[in-house]
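Here is the naming used below: chain letters follow the sequence lines, and residue numbers restart at 1 for every chain. No experiment lies behind these values; they were computed from the predicted model shown.
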Amino acid sequence: MALDGAAPHDWLRRIESLTDTALSHLGVEELLVELLDRVRELLAVDTAAVLLLDSSAQYLVATAARGIEEEVRQGVRIPVGKGFAGRIAESKQPLILEHVDRVNVLNPILTEKGIRSLLGVPLLSGGEVLGVLHVGSLSTRRFTEADVELLRLASDRVALAAQARQTEAAGAAAGALQRSLLPATLPAVPGVEFATRYVPGGGGEVGGDWYDVFELPSGRICVVVGDVVGRGLEAAATMGRLRTVLRAQALQTDDPAELLQRLDTHIRHFERGVMATVQCAIMTPWHDQLVVSSAGHPPPVVTSPDVPAEVVDLPADLPVGVAARPRRATTLCLPPGHGLFLYTDGLVERRGVSLDVGLRKLCAALRPGPADAVCATVMAQLLGGDQAADDVAVLMLSRPVTDATEPLVLRHHAVPLALRQIRNLARQWLSGVGVTVRVAEEFLIALGEACANVVEHAYGPRGGMISVRLVAEPSVIVAVVRDHGHWRSPRGHNRGRGTVLMHGFVDEVRIEHLVNGTEVTLRKIVSTEEAG
Amino acid sequence: MNEISVNVEWATDEAIRIAVSGEIDLANVDTFEAELLGAISNQLADVVVDLREVSYLDSAGLRVLFQLGAQLETLQIGLRLVVPQDSAVRRVVDLSGLEVLATIEPGPQRT
C-alpha cells in the first residue's frame with residue numbers, strides 16, 4: 001500500500017480520529033454527521049455525503065451530507081448502476097472523478113454546487129453493499145491512493161453507524177414502516193414514465209403522506225397520492241392500511257370517483273376518526289387519457305410542451321372519512337410530451353405564506369421532461385436547502401415523446417388478462433407506425449393468437465413470462481413473441497383454428513423451438529403507401 | 001372489468017336476438033359462453049347473434065361459436081350470425097369456415 005504524502009505518524013492520527021471512542025456516545029444521526037465532518041477535515045475536502053440503499057436495493061437515497069445538505073433535504077435518489085454513486089454501488093469499487101461534468105454524474109446538485117472532483121467508496125458489510133460514501137472538492141483535485149485508503153477506512157466506521165441507524169428501534173420504526181409501505185419499484189409501462197420523492201418532515205419525523213402506482217387488471221394504471229391527517233408512527237401505520245384498501249378496491253372498479261367512494265365507506269366504517277386527502281388518477285395509456293378524482297387534495301399540475309405548467313381546474317370533493325357525498329371525476333387528455341405532477345401540501349405550504357404563492361412557484365419550476373429530472377428540479381426549487389416542516393410526497397408522471405417507429409417491447413406475466421393489455425399497446429403502436437386500420441386489425445389477430453398460445457401452452461401451473469417485440473421495417477411489420485417455457489403440442493379441437501388465423505392474417509409465420517423456450521415470428525407486408 | 005356485454009335484444013316463443021359487444025379473448029371467453037348459452041332455450045326455432053359491436057374475436061371466441069352452431073344443429077335450431085362485411089371479425093369468421101354451421105349475414109350497415 002503506497003501511502004504517498006502521508007507520514008506514518010500522520011496516518012495514525014488520522015485513524016485515531018475516526019475510531020475515537022468519544023464518538024460512541026453520540027446518537028446515530030449525530031455520529032454520521034460527526035464522521036462526515038471528520039472525513040471532510042482529514043481529506044481537506046468541501047463536501048461529504050452518505051447514500052444508503054433503499055429497501056428495493058435498486059436505489060441509493062441520500063441519508064447524511066455535509067457541505068451538500070440539499071442532497072438529503074431533497075430526497076435525492078440515484079439508481080444503482082447509474083451516475084457516480086450508482087456505479088460505485090454496482091461495482092463495489094472506489095471511483096475517482098477528477099473532472100465532474102453533467103455526463104459522468106447524475107445528481108444535478110453536485111454540478112450546481114460547483115464540485116470539480118469526486119472520490120467515492122462503497123459502504124460494505126459482509127461483502128454486501130449498504131450504500132456509498134463520497135467526498136467532493138470545489139477545486140480540481142487529484143485524489144491519491146492514500147486518500148482512497150483513508151476514505152475506505154472511514155467507510156467501515158460509517159457502515160457500522162449506518163447499520164445501527166437502520167436498526168435503531170424507536171425513532172426508526174415509523175421511518176422503516178414508511179419506507180416499507182411506499183412502493184420500492186414503480187411499474188414499467190411503455191409510453192409512461194414515473195418518478196417519486198418522499199421526504200420526512202422536521203426532525204426526520206415521518207407522517208401519513210404516501211404515493212402509489214400500480215397496474216389494474218384492465219391494463220390501466222392507477223396513480224395515487226394521499227395524506228393522512230396526523231403525524232408519526234400512527235399516521236404512517238394508518239397510511240399503510242389505507243393504501244392497501246385502495247389497492248384492493250381498485251380491483252373492482254376503473255373509476256377513480258367510485259374508488260374514492262369505496263375508500264371513504266371503508267374508513268367511515270372501520271377507521272373512525274381517520275381523515276385523509278387523496279388524489280387518484282386512472283390512466284388509459286393507449287387512449288392518452290387520464291381520469292382524476294380528488295378527495296380534498298391540492299390540485300395536480302399539468303405540463304405541456306408549448307405552454308407553461310398549469311394547475312388543473314379540478315372539483316375537490318370532501319376528504320375521505322368525513323361524510324358520504326357524491327364524488328366527481330374529471331377526464332384529462334395526456335398525450336406524449338405532456339405530464340402530470342401530484343404532490344402533498346407540505347411541498348407548497350409555508351407558514352404565513354399564501355398557498356397561491358407556493359402553487360405559482362411550483363408551476364414555474366415544472367417543465368416537461370424526464371420524470372426524474374422534473375422531480376429533482378421541483379424539490380430543489382421548492383425545498384432547496386430548507387428542511388420541510390411537514391412531510392412531502394411527490395409523484396411525476398411523464399409521457400415521453402418517442403419516435404413512432406421505435407420498436408415496442410412488452411413483457412407480461414403469461415396470463416389471459418395480459419392479452420388485452422398487449423393488444424391495446426400494440427394497437428396504439430401500430431397506429432403510430434402509420435399502417436391502415438385493416439392491416440393493424442389483421443396483424444393484431446395473428447399476434448393475439450401467438451400470445452394466446454403462450455398463455456395456454458408454454459408454462460405449467462407455476463406460470464412464466466411472455467415477451468413481445470414489435471418492429472417496423474421498410475414495408476414490413478414484424479412481431480416476435482417469446483416464452484421461456486416448454487413447448488407442448490397444441491391440444492383441444494380449438495388449436496388448429498388459432499394456427500389458421502395466424503397464417504391467414506400475416507405473410508410469414510415462423511415457429512422456432514429453442515432450448516429454453518419458443519419464439520414465434522410473424523411478418524406482415526405493408527405496401528409502401530401504408531408504411532410510414 | 002374485462003369489457004364484454006351479452007344482451008337479449010328481444011325474444012319471442014320462437015326466436016331470440018342476442019347482441020354482443022366488446023372484445024372476446026381467452027380472458028373473458030368463459031363469461032361469453034355462459035351468458036350466450038344461458039340465454040338460449042331449447043324451445044326456440046331461430047337464434048340470431050348480433051356481433052356488429054364486437055371489435056375483436058380470437059380463436060377462443062370462435063370455439064364458443066362453433067360449439068353453439070354444432071349444438072343448435074343437433075337441436076334443429078337455426079343460427080344466424082350478424083357480422084358486417086369488411087370487418088376484422090368478418091375476416092376471422094370467413095377464414096374459420098363457420099358458415100358450415102351458421103348463416104352469416106352482414107346486417108344493416110353501421111354508420
Exercise: identify the closest heavy-atom pair between A:Gly504 and B:Leu95
CA-CD1, 3.6 Å
Any chance CZ of A:Arg328 has more than 12 other-residue heavy atoms, nucleotides or ligands included, within less than 6.0 Å?
yes
For B:Asp58 and A:Glu449 the tightest heavy-atom approach is CB-OE2, 3.3 Å
Is there side-chain contact between B:Asp86 and A:Arg438, with heavy atoms separated by less than 4.5 Å?
yes
Are there over 12 heavy-atom neighbours, none belonging to B:Glu14, within less than 6.0 Å of that residue's CD?
no
For A:Leu501 and B:Ser59, work out which heavy atoms get closest and say how close.
CD1-N, 4.0 Å
Nearest 0.5 Å, please: how far is CD in B:Glu23 from CG in A:Asn424?
6.0 Å
How close do B:Ala88 and A:Ile445 get, heavy atom to heavy atom, and via which atoms?
O-CD1, 4.0 Å
Let me confirm one number: the OG-CD distance from B:Ser87 to A:Glu441, rounded to the nearest 0.5 Å.
7.5 Å
What's the spacing between B:Asp25 CG and A:Arg423 CZ if we round to 0.5 Å?
4.0 Å
For A:Arg497 and B:Arg63, work out which heavy atoms get closest and say how close.
NH1-CA, 3.7 Å
A quick test of your reading: do over 12 heavy atoms of other residues, nucleotides or ligands sit less than 6.0 Å from CZ of A:Arg411?
no
